[in-house]
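To keep things clear, I will list the structure first and then write my remarks on it.
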Amino acid sequence: MSQETPQPPLFWEDETASSGRWWFARARETVPEGHIDYFIAEDDLTAAFVAVALLPSARNYTVIGVAPFGTGASGSAIMAAKTAVTAWRGGDRKRWAIYRWRFARFARLIERDLPLALAGFVAGVVLGLVMAFIASSSQLGGSALVIAGAIIGACAGPALKVLVNRDFESPHPRPWARFAVATVSAVAGAIAAAAVTLTIYWS
């Protein structure tokens, strides 16, 4: 009767919060295909430590465990995340915990970006109404209408910049993501306002 060979333990390299690294602990495992790198990092949206693995020849990290933490329990949560890595190596894949974390993160992301998205949508509605009013109430056409749209767009740039730079809740060091949220919302608002206004005018 053959017994399964136990896996060797991982040797973790821990870092402090003041180190400036994105991870708090990391370890490496050698496998026949190459190396598997494990990392423990804090999620910036939910109160949880996330364990991820970079598999051989993979370009993206795979989430393999989640350890929520409360006030003053960060140290034990890191240990729980390391335990989740050990369980994952042994074949115990707790997918439901990861799915719940992904849902909570998605909900938190929507909650955080909702004020910015609404502000961008309102700004887009205003721009769409102005453009629709110019197109429907004047004789501008062709290149003249394009120039008018370019002027309005140039004026909209500083407004979007103010929205992106403003902290509706707390500072978020992700300017490109905020820019994308504000721009997409403004475009959606402009298209909706212009389409409704011109449809009513021409019907």
Side-chain angles (χ1 to χ4, degrees), residues 4-120 163-185:
E4 185 177 352
T5 303
Q7 294 180 333
L10 293 175
F11 295 96
W12 291 93
E13 176 186 351
D14 296 327
E15 289 285 348
T16 60
S18 60
S19 64
R21 299 183 182 273
W22 65 271
W23 48 268
F24 288 98
R26 71 174 179 180
R28 168 168 287 190
E29 178 184 12
T30 302
V31 295
E33 298 81 7
H35 299 287
I36 301 179
D37 291 316
Y38 301 98
F39 297 91
I40 307 296
E42 183 180 357
D43 181 26
D44 61 341
L45 290 177
T46 61
F49 285 104
V50 182
V52 297
L54 184 62
L55 303 177
S57 303
R59 296 184 177 180
N60 298 319
Y61 294 97
T62 301
V63 179
I64 61 176
V66 179
F69 65 89
T71 304
S74 59
S76 59
I78 292 180
M79 292 301 300
K82 293 179 180 179
T83 303
V85 173
T86 303
W88 183 86
R89 294 173 67 214
D92 186 9
R93 311 291 171 86
K94 298 181 179 180
R95 301 183 184 277
W96 282 112
I98 297 176
Y99 290 152
R100 287 195 299 268
W101 167 76
R102 290 187 183 277
F103 178 79
R105 178 179 173 82
F106 180 72
R108 185 68 183 90
L109 184 64
I110 293 178
E111 179 185 357
R112 187 176 70 175
D113 287 340
L114 186 59
L116 178 61
L118 290 177
L163 291 178
V164 172
N165 292 335
R166 180 177 178 182
D167 295 323
F168 289 91
E169 181 179 338
S170 60
H172 305 304
R174 48 186 196 98
W176 286 111
R178 292 173 61 85
F179 176 76
V181 171
T183 301
V184 172
S185 301

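Here the closest non-hydrogen pair linking Leu54 and Asn60 is CD1-O, 3.7 Å. Taking every heavy atom of both residues into account, Ser185 and Ala117 meet most closely at CB-O, 3.2 Å. Nearest heavy atom pair, residue Ala41 against residue Trp22, reads CB-O, 3.4 Å. Residues Ala77 and Phe69 approach most closely at CB-CB, 3.3 Å, considering heavy atoms. Considering every non-hydrogen atom in both Thr183 and Phe179, the closest pair reads OG1-O, 2.7 Å.
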Can I get a per-line list of side-chain donor-acceptor pairs under 3.5 Å for residues 96-103, giving both atom names and the distance, sequence neighbours left out?
{"unit_1": "Trp101", "atom_1": "NE1", "unit_2": "Asp43", "atom_2": "OD2", "d": "3.3"}
{"unit_1": "Trp101", "atom_1": "NE1", "unit_2": "Thr46", "atom_2": "OG1", "d": "3.2"}

List the atom pairs, with distances to 0.1 Å, where a side-chain N or O of residues 79-91 and a protein N or O form a donor-acceptor pair under 3.5 Å, not counting sequence neighbours.
{"unit_1": "Lys82", "atom_1": "NZ", "unit_2": "Asp14", "atom_2": "OD1", "d": "3.0"}
{"unit_1": "Lys82", "atom_1": "NZ", "unit_2": "Asp14", "atom_2": "OD2", "d": "3.4"}
{"unit_1": "Thr83", "atom_1": "OG1", "unit_2": "Met79", "atom_2": "O", "d": "2.9"}
{"unit_1": "Thr86", "atom_1": "OG1", "unit_2": "Lys82", "atom_2": "O", "d": "3.2"}
{"unit_1": "Arg89", "atom_1": "NE", "unit_2": "Glu29", "atom_2": "OE1", "d": "3.3"}
{"unit_1": "Arg89", "atom_1": "NH1", "unit_2": "Pro8", "atom_2": "O", "d": "3.3"}
{"unit_1": "Arg89", "atom_1": "NH2", "unit_2": "Pro8", "atom_2": "O", "d": "2.8"}
{"unit_1": "Arg89", "atom_1": "NH2", "unit_2": "Glu29", "atom_2": "OE2", "d": "3.2"}

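Ring-plane geometry between Tyr38 and Trp12 is classed as tilted, the angle between the planes lying from 30 to 60 degrees on a 0 to 90 degree scale.
Here the straight-line distance linking atom CZ of Arg26 with atom CD1 of Ile40 works out to 13.0 Å at 0.5 Å rounding. From Phe39, atom CZ reaches atom CD1 of Ile64 across 11.0 Å, with rounding to the nearest 0.5 Å.
Glu15 pairs by the side-chain contact (heavy atoms from CB on, under 4.5 Å) definition with Glu13, Ser19, Arg21, Trp23, not counting sequence neighbours.
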Margin query: Show, in sequence, the C-alpha distance, side-chain angles and deciding distance for Asp44 and Arg105, and conclude whether the side chain to side chain contact (heavy atoms under 4.5 Å, CB included) test is met.
Written below: CA-CA 9 Å; Asp44 61 341; Arg105 178 179 173 82; 3.0 Å; yes
